[in-house]
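Worksheet: the structure to be examined is printed underneath.
Count residues from 1 along the sequence.
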Amino acid sequence: MDASQPTAWEPLTPLGVAAFARAPLRRLLLVQCIVALVVGVTVAWLLRDAYFPTIGAAIAQLPAAGEIRSGKMDWRGESPRLLAEGTFLAFTVDLEHAGEIRSPAQIQIEFGKTNLLLHSLLGYTEVGYPKGWIIAVNRTELSPLWGAWRPWLLVGSVGGVAVYLLASWWVLATIYCGPVWLIGFFANRDLGWRASWRLANAALLPGAFVMILGLSFYDLGALDLVRLAFVFVAHLVVGWIYIGVGLFFVPRLADLTRPTANPFGSARK
């Protein structure tokens with residue numbers, strides 16, 4: 001690596017992103033793993049803070065007996081009924097989907113006789129119950145299960161998000177490296193295929209920090225789902241911007257091949 005080039009450790013500036021083009025793959029992977037884990041912890045914190053309390057409260061309000069069998073729910077309580085409600089999530093039971101309970105929560109899950117309705121600011125969707133399964137819908141069985149699995153769900157969300165991000169970054173970088181190499185070729189930059197792929201990978205990391213901020217503001221209630229969707233689009237655009245700008249912080253081939261001055265030239269007459 002050229003001694004004049006910065007060490008590849010921080011992916012928050014175009015110069016830092018460009019440095020990864022000539023960095024070892026293990027260093028890129030290390031930085032990616034750190035960023036992916038930070039995003040995973042942010043998602044787990046959001047689940048713990050915004051969603052899990054409402055889920056626990058809804059389970060506590062379930063009747064002592066009940067289940068979903070052969071695609072139909074055997075409900076032993078009153079309907080319609082509000083089980084639990086928070087700023088982000090609400091659970092209701094309306095066997096006939098009569099629409100008598102509408103929650104101001106950003107996401108409302110309404111259980112019916114044969115399906116559930118998922119309402120959000122983006123619209124609603126209908127999900128049928130699986131016909132080959134038997135699913136408990138009672139606090140007697142679900143309360144101890146929720147207490148036992150809740151910590152592991154948080155741990156699993158950290159690992160799942162991290163693995164998903166690493167895989168998606170590598171796939172996107174593989175797609176982007178062709179245009180990166182082509183632009184670098186015409187701009188006379190020192191970029192081969194591998195360097196282009198590493199630069200594309202590093203350029204995606206600043207967008208991850210945009211999502212961390214977006215998820216944090218969503219957890220604080222400063223953003224709703226619609227605005228969070230705009231943040232998701234923006235984090236992709238940030239990656240494209242860093243690719244375009246970072247390219248021009250890669251050394252020119254002409255600068256690398258320029259002959260150095262003869263230190264003994266001035267002594268010759």
Side-chain angles (χ1 to χ4, degrees), residues 1-2 5-48 122 153-187 189-219 223 225 227-251:
M1 180 181 295
D2 189 350
Q5 293 298 305
T7 302
W9 277 116
E10 63 86 11
L12 297 178
T13 64
L15 182 60
V17 167
F20 281 94
R22 306 188 66 79
L25 179 60
R26 62 181 179 274
R27 180 170 298 170
L28 172 64
L29 182 59
L30 174 61
V31 175
Q32 284 183 316
C33 286
I34 293 173
V35 176
L37 286 174
V38 173
V39 178
V41 170
T42 304
V43 172
W45 184 271
L46 172 64
L47 292 174
R48 186 199 69 86
L122 303 176
L153 290 174
L154 292 175
V155 173
S157 65
V158 174
V161 169
V163 171
Y164 167 78
L165 286 176
L166 289 172
S168 63
W169 287 336
W170 283 39
V171 170
L172 287 174
T174 302
I175 296 173
Y176 294 163
C177 72
V180 170
W181 176 85
L182 188 63
I183 297 173
F185 175 79
F186 285 106
R189 301 290 166 172
D190 182 31
L191 278 176
W193 283 102
R194 294 181 180 179
S196 300
W197 185 82
R198 289 193 294 267
L199 186 146
N201 262 295
L204 296 172
L205 298 181
F209 288 98
V210 173
M211 280 305 303
I212 291 173
L213 289 175
L215 291 171
S216 300
F217 281 115
Y218 176 70
D219 186 19
L223 297 178
L225 280 177
R227 292 182 176 89
L228 186 62
F230 280 108
V231 173
F232 179 80
V233 174
H235 103 280
L236 295 175
V237 175
V238 167
W240 302 337
I241 293 174
Y242 268 81
I243 287 176
V245 178
L247 272 168
F248 294 94
F249 283 87
V250 176

Does any part of the side chain of Phe209, heavy atoms only, come nearer than 4.5 Å to the side chain of Ile212, both counted from C-beta?
yes
Of all heavy-atom pairs linking Val35 and Ala208, the shortest is CG1-CB, 3.7 Å
Checking Leu215 against Leu223 for the side chain to side chain contact (heavy atoms under 4.5 Å, CB included) test, could you report, in this order, the C-alpha distance in whole Å, the side-chain angles of both residues, the deciding distance, and whether it holds?
CA-CA 8 Å; Leu215 291 171; Leu223 297 178; over 6 Å; no
Could you pull out all residues at least two apart from Arg227 that satisfy salt bridge (Lys or Arg N to Asp or Glu O under 4.0 Å)?
Asp224
Arg194: partners by side-chain contact (heavy atoms from CB on, under 4.5 Å), with sequence neighbours left out:
Arg198
For Ala203 and Ile243 the tightest heavy-atom approach is CB-CG1, 3.3 Å
Spacing of Leu191 atom CG and Leu247 atom CG [to the nearest 0.5 Å]:
6.0 Å
Please find the pair of heavy atoms, one from Ser168 and one from Leu165, that lie closest to each other, and give the distance.
OG-O, 2.9 Å
Taken to the nearest 0.5 Å, the spacing of Leu205 CG from Leu28 CG works out to 7.0 Å
Who are the side-chain contact (heavy atoms from CB on, under 4.5 Å) partners of Ala167, not counting sequence neighbours?
none
Side-chain donor-acceptor distances from residues 170-185 under 3.5 Å, at least two apart:
from	atom 1	to	atom 2	distance (Å)
Trp170	NE1	Gln32	OE1	3.0
Thr174	OG1	Trp170	O	2.8
Thr174	OG1	Trp197	NE1	3.2
Tyr176	OH	Trp240	NE1	2.8

Taking side-chain contact (heavy atoms from CB on, under 4.5 Å) as the definition, give me every residue that meets it alongside Val41, ordered by chain and number, with sequence neighbours left out.
Val158
Could you tell me which non-hydrogen atom of Leu166 sits nearest to which non-hydrogen atom of Ala36, and how far apart they are?
CG-CB, 4.3 Å
How many angstroms lie between atom CH2 of Trp169 and atom CG of Leu204, to the nearest 0.5 angstrom?
8.0 Å
Donor-acceptor pairs are to be reported for all side-chain atoms of residues 12-21 against protein atoms at under 3.5 Å, with residues two or more places apart or in another chain.
from	atom 1	to	atom 2	distance (Å)
Thr13	OG1	Glu10	OE2	2.6
Thr13	OG1	Gly16	N	3.0

If you look at every heavy atom in Gly246 and Leu199, which pair is closest and at what distance?
O-CD1, 4.2 Å
I need the minimum non-hydrogen distance between Val238 and Gly207, along with the two atoms involved.
CG1-N, 3.9 Å
Distance from Leu25 atom CG to Leu30 atom CG, nearest 0.5 Å?
11.0 Å
Set of side-chain contact (heavy atoms from CB on, under 4.5 Å) partners for Phe232, sequence neighbours left out
Met211, His235, Leu236
